[in-house]
Amino acid sequence: MSEHHESRLAKLEKIQDMGVDPWGAHFPNRQWNSEVRSLAHQVKYQLQDGSVKELPDFDDPQNPVDYRQWKNDAGSGEEIGPQVRVAGRIILLRGQGKIKFITLRDWTGDIQIMIGKAQVGDRDFEMTKHFDLGDWIAVEGRLGRTNTAELTVFAAKLHFMCKTLEPPPEKHAGLQDSELKQRQRYLDLTYNEGVMDTFLKRTQIVQSIRNTLAQRQYCEIEGPTLHTIAGGAAARPFTTYHNALDMPLFMRIALELHLKRLMVGGMERVYELGRVYRNEGLSPRHNPEFTMLEAYQAFGNYEVMMELTEQIILDALKATGQGFQVEWNGQAIDFSPPFARKTYDELFHEATGLEPGNTQAIAEYAKKIGLDPLGKHPDVVKSEVFEEKVEDSLMGPLFVIDYPASICPLTKRKASNPQVAERFELFIQGMEIANAYTELNDPLLQEELFRTQLEGQADEDSMAKMDEDFVLALRNGMPPAGGLGIGIDRLVMLLTNSRSIRDVILFPVLRPQSQQNPSKDDAALTQAEVAEQ
RNA sequence: GCCUCCGUAGCUCAGUUGGUUAGAGCAGCUGACUCUUACUCAGCGGGUCCAAGGUUCGAGUCCUUGCGGGGGUACCA
């Protein structure tokens, strides 16, 4: 066991010896640190004649005020301020003889506490000797300012809330090791600047999306995450097994097919915001489980969904207190509406100089850039070239519209040109953020497309799996509709200036640690020994 | 999966061409201090150098394998 653990356990005992519960209790009427900060204007200076003076503005960097001098000039009197009740974690601790300063942090921010032996009494001051960085405490006291004008709670009564048995990260640099940041996210949240903010913003974004959809009378549902056929996207699923039913199950890779069943059932505007699972590689843009929004609107089309996508993003910007100009990874993103639109073929031509219809030339070009066009449908080859040469360079926000129909088996074709599917993808900073169609509702064509896809495709390509149950649903009649998918994690990345998807997922997938942490076993042993004594 | 970089005290990091007993700051412990704010001052402790092998008179440093992480790449409508 390390010196840190020993020291903390010893202090834990001393707190118990004082008759204080080191694990704390209910602390009613507690105020957030941010609330208390907003009471700063109530701190005033009362002169001996009873008149009250406002304090000067200490926050003006142009005009620094020496508070000690100011009080001197004002004449003898006393600072007055509201009584407050705060609670939080001890982040910094500065002792100065019979006085202690604590920087107390809650999830709204920091506030300084001053504890004077004469003010809190011997017993509470004795307790401060057993404080460690990271401990949770609660404080009752008067809000005021120190001689250096720092807004401070002058403690009258202390309450111990929770002992911390592990030492905190380094107090200036914080937790730098990206592995520890992910494994011990609780430390990352408390001690690293901006981390709490990022995850609170994530919540705001998700709430904003729900609000936007609610305003349009969309209904949120919860579909099954265990599927008998993992469909709705081309991805390798995670497999699992149900014992009582004695059958394999797949974790869902998309929300699409069940939402469409609900459209058949007459849920005319329906969405799910939930987790999907894809058994594929990891990268700064891919986590094996991630959050998707899928929304379907009866009698809509992909144009309607484009407008909705834009609204969702603009509302999310507003909800996170941002304008149209956002900085991301050192670059500027301009979200000013309307977002640009370009057709697939247009972009293809711009990037390659090739005619989008010239399959021969495209196949040769594909070979030249290291792709293998042999035995593939011309549109698949074209799509591979597109992914290789176009997608990464789309800084956007840009709606890419009108995809080749043969690579979109769930999408309705354009009435004027059946070779083209009514589909768009939204690209920002080279990332695919949204994907939407005018949904295919022709069960006969759907069945045929499933079959065509099946030919010559690998077994694990689940998109190719015939989903007869889904086709049956379509045979019962799904209204024409627009459908939309948005990758929530990637959207959060863009709106929080996060470079890695693992910075916006609280607990990303990690391998288990290689060795057992020996300090844990030691601690358990020693606690048992302590109990014996 | 493959390529590549990284792994040194609780944390953040140094560590020269392979050479004496592996260092610093924070954190910890002891003491002093009633307006500090990365408090200060005096003193003291703290290491499985990721793991296992190997080369060498000698390995934190070089080699091999493994483990964990970052990045790239492959897979990925």
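Protein chains get the first letters and strands the later ones, always in sequence-line order, with residue 1 at the start of each. Because the structure is predicted, anything quoted here is derived from the model rather than measured.
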Quiz item: Does Q112(A) get its side chain close enough to the base of U36(B), under 3.5 Å, for a donor-acceptor pair?
Solution: yes

Give me the distances for all protein-to-nucleotides 12-15 of chain B N/O pairs that come in under 3.5 Å?
from: U12(B); atom 1: OP1; to: Q176(A); atom 2: N; distance (Å): 3.0
from: U12(B); atom 1: OP1; to: D177(A); atom 2: N; distance (Å): 2.9

Quiz item: Base, sugar-phosphate, or nothing for R511(A), non-hydrogen atoms under 4.0 angstrom?
Solution: sugar-phosphate

Practice problem: Check each of K260(A), R423(A), K412(A) against E439(A) using the salt bridge (charged side-chain N to carboxylate O under 4.0 Å, His left out) test, and report the only one that passes. | Solution: K260(A)

Practice problem: Quick one: label I91(A) by what it contacts on the DNA or RNA (base, sugar-phosphate, nothing), any heavy atom closer than 4.0 Å. | Solution: nothing

Ignoring hydrogens and angles, write down the donor-acceptor pairs under 3.5 Å from the side chains of residues 497-511 of chain A, residues two or more places apart or on other chains.
from: N497(A); atom 1: OD1; to: N329(A); atom 2: N; distance (Å): 2.8
from: S498(A); atom 1: OG; to: T496(A); atom 2: OG1; distance (Å): 2.8
from: S500(A); atom 1: OG; to: R502(A); atom 2: N; distance (Å): 3.1

Quiz item: Cation-pi between K382(A) and F386(A): NZ/CZ under 6.0 Å from ring centre and within 45° of the ring axis?
Solution: no

Quiz item: Taking atom P of U40(B) as reference, at what distance in whole Å does atom CZ of F101(A) sit?
Solution: 14 Å

Quiz prompt | 5'-most by nearest nucleotide on RNA chain B - K117(A) or E388(A) | solution = K117(A)

Exercise. Under 4.0 Å between any heavy atoms, over every strand shown, what does R285(A) touch: base, sugar-phosphate, or nothing? Just pick one.
Key: nothing

Quiz item: Does T146(A) get its side chain close enough to the base of U36(B), under 3.5 Å, for a donor-acceptor pair?
Solution: yes

Quiz item: Under a 3.5 Å cut-off for both distances, is G53(B) Watson-Crick or wobble paired, and to whom?
Solution: C63(B)

Exercise. Between A27(B), C75(B), G70(B), spot the one nearest the side chain of S178(A), thanks.
Key: G70(B)

Quiz item: Considering Watson-Crick and G-U wobble pairs with both distances under 3.5 Å, what does G46(B) pair with?
Solution: none

Quiz item: Contact class for G116(A) (heavy atom, under 4.0 Å): base, sugar-phosphate, or nothing?
Solution: nothing

Self-check item: Considering all heavy atoms, the nearest T359(A)-P378(A) contact
Solution: CG2-CB, 3.5 Å

Exercise. Measure the OG1-CG distance between T164(A) and D135(A) for me, rounded to the nearest 0.5 Å.
Key: 4.5 Å

Quiz item: R499(A) or A149(A): which one's nearest nucleotide on RNA chain B is closer to the 5' end?
Solution: A149(A)

Quiz item: Which part of the nucleic acid, if any, lies within contact of K71(A), taking any heavy atom under 4.0 Å across all strands shown: a base, the sugar-phosphate backbone alone, or nothing?
Solution: nothing

Quiz item: For R423(A), which contact category applies under a 4.0 Å heavy-atom criterion: base, sugar-phosphate, or nothing?
Solution: sugar-phosphate

Self-check item: Option passing salt bridge (charged side-chain N to carboxylate O under 4.0 Å, His left out) with E79(A) (candidates R145(A), R68(A), K53(A), R142(A))
Solution: R142(A)

Quiz item: For the pair made of CG in N287(A) and C1' in C75(B), what is the distance, rounded to whole Å?
Solution: 16 Å

Quiz item: Listed by chain and number, what are the ring-ring contact (aromatic ring centres under 6.0 Å, His included) partners of F250(A), not counting sequence neighbours?
Solution: none

Practice problem: For K98(A), answer base if it contacts any base atom (sugar-phosphate contacts may also be present), sugar-phosphate if it contacts only those atoms, and nothing otherwise; contact means non-hydrogen atoms under 4.0 Å. | Solution: base

Exercise. Under 4.0 Å between any heavy atoms, over every strand shown, what does F125(A) touch: base, sugar-phosphate, or nothing? Just pick one.
Key: nothing

